[in-house]
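The model shown is predicted, which means the values in this text are computed figures rather than measured ones. Note on naming: letters A, B, ... go to the chains in the order of the sequence lines (proteins, then strands), and numbering restarts at 1 for each one.
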2 protein chains.
Amino acid sequence: MLNQTALHTGNLRQSTRPVAAHDLAGSVEMMGAPMAFARNSEIYGEDEPADYLYKVVSGAVRTYKILADGRRQVQAFHLPGDMFGFEVEGEHTLSAEAIVESRILVVKRSAIESLAARDHGVARELWSLTARELQRVQRHVTLLIKTAQERVVSFLLEMAERAQGASAVNLPMSRQDIADYLGVTIETVSRTLSGLESAAAIELPSSRRIVLRDHNALTRLCN
Amino acid sequence: MLNQTALHTGNLRQSTRPVAAHDLAGSVEMMGAPMAFARNSEIYGEDEPADYLYKVVSGAVRTYKILADGRRQVQAFHLPGDMFGFEVEGEHTLSAEAIVESRILVVKRSAIESLAARDHGVARELWSLTARELQRVQRHVTLLIKTAQERVVSFLLEMAERAQGASAVNLPMSRQDIADYLGVTIETVSRTLSGLESAAAIELPSSRRIVLRDHNALTRLCN
DNA sequence: CGACCATTTGATATGGATCAAGCGATGTGG
DNA sequence: CCACATCGCTTGATCCATATCAAATGGTCG
């Protein structure tokens, strides 16, 4: 990994910008090296040393695990603005791939850690990010005990919320990605979406674009 | 919550013991107030302010969420030595109950936080605990995409591992607790255990005690 | 245009849920 | 101390949601 060409576009790496103390995000912007990843290319693999921290600038990333029998479990989708890949120690427990052509800021973990050792605000921010991720995964657990329809609807609402509550979402990921995230088959995802369209809860102008027509109905459906 | 009687057994609260710097666990032992919780009593509830940190001394704790339709999702079982209930900010997102009569150390979060602000080692330990919990929940997600048998077997192996790899486990929790943790019904848990007994993979001397007879077979079964 | 891939739709199979009854242990009151 | 109620667990019968297998459709790119 990290075998892609760094972009060094300049506007992403403003060495003139002052370091904001107690600001992890700002530090990452400043210290991070922007890199381009092609669609489906690996960003890091399971069991690799976790020496870097990542922040999505554009595009989308999936983190996942392949089980012994070949099934794939997608653990998360990371969208622009999201940071990912930080472990406290040792190795990555998941693999990460770009879902579409993506630009990603990459920062050495050691740099962030030494910053955190000096600045308690940064340390706290690192902790806070991990705790927020923990809550997200807890919601994922809650999603996985629901029915297929509830899972699909929860996913749609989650994506809409992450798009600042927009009433339409453009999905960077395939039906297979969604299915592996929700723990169902692509057929079930597809049928459920078709069903929601028939029920006038959503519109499907194209397979990767979903308009949420009846937000209330959807909220009711997801539990 | 916190309406139980503190034990103050003395041997749990050794004010003579020196504070080990960079040691969160030690600080909790020293600063924590031991409290007794009866079977099924609430330790804290969802949406309560998260002002305390907890460490199980004896007994067992479940954290859970009740969904809108009444279903219960058990997120974790906490056993002696485990810490739980720490949020970075704001409120608890889960409820916690003692599964059996339990003794639990309770520490004010503000005390730990001020310690962390002064001592980077403690701050890092807090972060590390959160990250470890994150990994546990990620494994829970992976468990929930598997078949019922794989879930039950994974649960047994998890419990055995937490009992220092013992070949027999004494379960403090009911079948219903296990079912709500695994996202299946009690009938499925029961039938699966019976099936494993028929297959000579386990023995069931009593419903709360399970002997792992064929560890290899079990490992194979859970994927 | 034709090949390829993602998605949808259809037909059938099945794992686990649901409904229902039985069983064993524990505790309580007569 | 025993009869009986209660509770947690197991076992059985049936049903249904979702998986699986299969084919058709549509969109994209050379």
Side-chain angles (χ1 to χ4, degrees), chain A residues 38-40 62 67 69-74 99-101 143-156 170-199 202-210 221-223, chain B residues 39-40 60 62 67 69-74 99-101 143-156 170-199 202-210 221-223:
Chain A
R39 182 176 131 90
N40 293 327
R62 62 178 163 250
L67 306 191
D69 62 356
R71 276 176 296 181
R72 186 182 67 159
Q73 164 63 29
V74 171
I99 295 173
V100 293
E101 181 82 31
L143 186 156
L144 290 176
I145 68 156
K146 298 186 186 177
T147 65
Q149 188 180 58
E150 290 169 333
R151 295 185 203 196
V152 171
V153 172
S154 299
F155 169 75
L156 289 180
N170 288 303
L171 303 173
M173 70 290 283
S174 69
R175 293 288 185 270
Q176 189 63 63
D177 288 331
I178 298 171
D180 291 348
Y181 178 71
L182 300 180
V184 296
T185 59
I186 41 172
E187 291 96 330
T188 295
V189 172
S190 185
R191 272 187 250 273
T192 304
L193 289 174
S194 300
L196 291 171
E197 189 175 33
S198 309
I202 64 171
E203 269 172 75
L204 294 162
S206 78
S207 73
R208 299 293 180 102
R209 180 171 174 80
I210 302 183
L221 282 175
C222 85
N223 183 5
Chain B
R39 184 176 130 90
N40 292 328
R62 60 178 165 252
L67 305 191
D69 62 355
R71 276 175 297 181
R72 186 182 66 157
Q73 164 64 28
V74 171
I99 295 174
V100 294
E101 181 83 31
L143 186 157
L144 289 175
I145 67 156
K146 299 185 185 177
T147 65
Q149 188 179 59
E150 289 168 335
R151 296 185 202 195
V152 171
V153 172
S154 298
F155 168 75
L156 289 180
N170 288 303
L171 303 174
M173 70 292 282
S174 69
R175 293 286 186 270
Q176 188 64 62
D177 287 332
I178 298 171
D180 291 347
Y181 178 70
L182 299 180
V184 296
T185 59
I186 43 171
E187 291 95 330
T188 296
V189 172
S190 186
R191 271 187 252 272
T192 304
L193 289 174
S194 300
L196 291 170
E197 189 174 34
S198 309
I202 64 172
E203 268 171 77
L204 295 162
S206 78
S207 73
R208 299 294 180 103
R209 181 172 174 78
I210 302 183
L221 283 175
C222 83
N223 192 356

Between the protein and nucleotides 22-26 of chain C, are there any N/O to N/O pairs under 3.5 Å, and if so, what are the atom names and distances?
none

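- A straight line from CG of B:D180 to C1' of C:dA17 spans 14 Å, rounded to a whole angstrom.
- No side-chain heavy atom of A:L204 sits under 4.5 Å from any side-chain heavy atom of A:L196.
- Straight-line distance from the CG atom of A:L144 to the P atom of D:dT18: 13 Å, rounded to whole Å.
- Rounding to whole angstrom units, CG of residue A:N40 and P of C:dC5 are separated by 12 Å.
- Contact detail for B:L221 and B:E150: the closest heavy-atom pair is O-CG, 3.2 Å.
- Contact check for A:F155 versus A:T192: no side-chain heavy atoms found under the 4.5 Å cut-off.
- Residue contacts shown for B:T185 include a base, since a base heavy atom lies under 4.0 Å away.
- Rounded to a whole Å, the CZ atom of B:R208 is 11 Å from the C1' atom of D:dC7.
- Among pairs with a residue in residues 178-197 of chain A, those fulfilling salt bridge (Lys or Arg N to Asp or Glu O under 4.0 Å) read A:R72-A:D180, at least two apart in sequence or across chains.
- Counting all heavy atoms, side chain and backbone alike, B:C222 lies closest to B:V153 at CB-CG1, 3.6 Å.
- Scanning both residues, A:L144 and A:G183, for their nearest heavy atoms gives CD2-N, 4.3 Å.
- B:L156 has its side chain within reach of B:L193: a pair of non-hydrogen atoms, C-beta onward, lies under 4.5 Å apart.
- Taking atom CD1 of residue A:I145 and atom P of nucleotide C:dA17, one finds them 11 Å apart after rounding to whole Å.
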Polar atoms only, N or O, under 3.5 Å: list the protein pairs with nucleotides 10-14 of chain D and their distances.
| unit_1 | atom_1 | unit_2 | atom_2 | d |
| --- | --- | --- | --- | --- |
| D:dT10 | OP1 | B:R175 | NH2 | 3.2 |
| D:dT10 | OP2 | B:R175 | NE | 2.8 |
| D:dT10 | OP2 | B:S190 | OG | 2.7 |
| D:dT10 | O5' | B:S190 | OG | 2.9 |
| D:dT11 | OP2 | B:S194 | OG | 2.4 |
| D:dG12 | N7 | B:R191 | NH1 | 2.7 |
| D:dG12 | O6 | B:R191 | NH2 | 3.1 |
| D:dA13 | N6 | B:R191 | NH2 | 3.4 |

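- Smallest separation of non-hydrogen atoms from A:I186 and A:A179: N-CB, 3.6 Å.
- At a threshold of 4.0 angstrom between heavy atoms, the contacts of B:S206 with the nucleic acid are absent.
- Look at CD1 on B:I178: it is 13 Å from P on D:dG8, rounded to the nearest Å.
- Summarising the geometry, the separation between CG on A:D69 and P on D:dA19 is reported as 15 Å, rounded to the nearest angstrom.
- In this entry the distance linking CD of B:Q176 with C1' of C:dT18 reads 14 Å, nearest Å.
- Contacts of B:R151 with the nucleic acid, taken as non-hydrogen atoms under 4.0 Å apart, are absent.
- Between B:N40 and B:R62, some side-chain heavy-atom pair lies under the 4.5 Å cut-off.
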